[in-house]
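Working notes, beginning with the structure itself.
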Amino acid sequence: FDLSHFLNLIFRQFTHKAMPESDEQPPPSTPSTASTPPVYIHPRREPFEHGLLPIPKLIFTDGAQTLIPIRDKLLSLSSGSTHRVNFEAIAEAFQISHDHAHLVIETIASVLHSDSDPSVTAKPSEIGSIGVNVFDLMMFLYIQSYKRLLPKGHKDSAAVADVWPSTSAFDGFLSALSPLQLVRSNSRRSMPSQADEEAHQLSYLQKHLGNILSLLAESVEGDGEESLVLSMEKLEHLGFLIYFGEKGSERIPLSQNAPFFANSDPEMPAVPVPAAQVHDWLVENIASALTRITERASAKENGPTSASDQDVPMADISASSVKSSPGPRGPSSIEGISKSSYVRLPNDIKGSSVKVINCHESVIYILAPLKYATVYGCSDATIVLGAVGKAVRIEHCERVHVIAAAKRICIANCRECIFFLGVNQTPLLVGDNHKLQVAPYNTFYSLLEEHLKQVGVDPTINRWDAPVALGVVDPHDSLSHPAGVSEVQTESASPVDPDQFTNFLIPNWFEGQQSGSTKDNPFPLPEAYLASQQRNLKNLEETKNSLKDIDLDESRKREVAAALHVCFKDWLYASGNIRQLYCLQGE
């Protein structure tokens, strides 16, 4: 029999049981008072991080010139006063396939600013026919021209070089396309800071605001810019891209913060205002927000470093001590974990999003209900994501195992990774991917079903085996690419051989805390994987019984036990699983 496979099963059973335990100026729109802190404008990060699709027919570089006629056509096809269009209308308007039209609607639903929208609450089988609002679609389409901020060089290049190889067997692939190799090299760099990304997004919106407003405005009699007016209802669709509010506080609807709609009678429809007036107000607020970001960055560089700004070294950590070690990007970022195990439970997560950044040779458990999760620049790690109700993005990772229960997942520029998925929508593969594998979801923890219900993931639907592969080049990555390369399709993912499929057993990190009712994997396994799992368990029992009943004298039995012990110990060190045992036992 396969000794390595046998030792792996024993180890998994053991680990499942062996569980321990400044002063700033107010923005122009809001006067500063002692009781009312200033409120600044911010870009919504979700559309820029999870809402970009590398589909050439959806990318328009001429501002609103092409989109306005398309908007008018879609409005003529839309259903009544709701202005909604389904996948068929979208496919016809943009000359794309029905599958890609479904993908557009699913992507918009995953990043919408309103959780009450029918596309957000729809069942997976109904979302295509329910469709999206035309004006939300216009906001989505316009930002398809956005170029992401390039990653910075990593601050600790020696440490990164230690975990990332300088060359790879894949570096010869499409060797003529040197920009692709540059994209891959970015995975050895640091993800841009939140402040840098926010400033980049605000600058983009500031530059394109006139075109964006023209897609929401209506024409009235007259010449020039004043002939465009904007209603309060249409202004709210701009909430797809921006909002007012501060971290930890409720986001304020745009119309409530706009001085020209703030005192509108709720019983009477507000009078539309000139689009130029809205434009000037928003530009002024964006300029104020950009100045604030610059001042904060300058103060951080020149002033004393506060405890919250310091890069906290990530040592081995257990569930009980996780609260005392926030990441340098804030309480919802996990960054720089190396050769460790790391756990986050619901009480450890502030907000609804998590980012796992530049973690290597580690096991990361995020056992909490989330809206969004991002895994960036990790290698040789296992990352378990609890329940993610909106979207997961895995980018620039190498030799990583990701176990995720989510509504949808996007995988970009990854190599030699395996994804164990419980997903309601088809996995999306974009960019320069190589040797990826997918498999059905393979684990559980006691609160999993409760978390799935909380975020709206249906465990009876699993599209893990139907990945959609798009372009090998990401048109949003700020790099230039050879002509014609954008039409090349990325490499797809192959299914894991059922005979190589094993369960991943999560230690009981919830011991002594609130415990749930989940006792098994809530995502049903396909027949081939279930049969393989049952064979493995049967072989394990037969092997254990054979060893137990072996007819040897006591001296020989001790020799056999010692030999098995040595093999098991060697396997623990060779596989790296010894580190998990140390973490579980508190070393």
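None of these values were measured; they are calculated from a predicted model.
Between Phe87 and His100, a ring centre-to-centre spacing not shorter than 6.0 Å is recorded. Ring centers of Phe48 and Tyr146: under 6.0 Å apart, within the cut-off.
Counting only residues at least two apart or in different chains, ring pair (Phe, Tyr, Trp, His ring centres under 6.0 Å) contacts with residues 105-136 comprise His83-Phe135, Phe135-His237.
No side-chain donor-acceptor contact under 3.5 Å links Tyr376 and Asn358. Under the 3.5 Å distance criterion, with hydrogens and angles disregarded, a donor-acceptor pair is assigned to the side chains of Glu198 and His42.
Nearest approach of Asn285 to Ile41, heavy atoms of both residues: O-CG2, 3.5 Å.
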Using the rule given for side-chain contact (heavy atoms from CB on, under 4.5 Å), can you reason through Tyr441 versus Leu421, listing the C-alpha separation, both sets of side-chain angles and the distance that settles it, and then say yes or no? CA-CA 4 Å; Tyr441 194 72; Leu421 303 177; over 6 Å; no

Under 3.5 Å, which donor-acceptor pairs do the side chains of residues 56-68 form with other protein atoms, sequence neighbours left out?
from: Lys57; atom 1: NZ; to: Gln95; atom 2: O; distance (Å): 2.8
from: Asp62; atom 1: OD1; to: Thr66; atom 2: OG1; distance (Å): 3.3
from: Asp62; atom 1: OD2; to: Thr66; atom 2: OG1; distance (Å): 2.3

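Between Arg84 and Asp136 there is no salt bridge, since none of the side-chain N atoms of the basic residue sits less than 4.0 Å from a carboxylate O of the acidic one. Comment: Lys355 engages Glu49 in a salt bridge, judged by a side-chain N to carboxylate O separation of less than 4.0 angstrom. Between Lys390 and Asp115 a salt bridge is recorded (basic side-chain N to carboxylate O distance below 4.0 Å).
By the ring-ring contact (aromatic ring centres under 6.0 Å, His included) test, His451 is found to be paired with Tyr445, residues two or more places apart in sequence or in another chain being considered.
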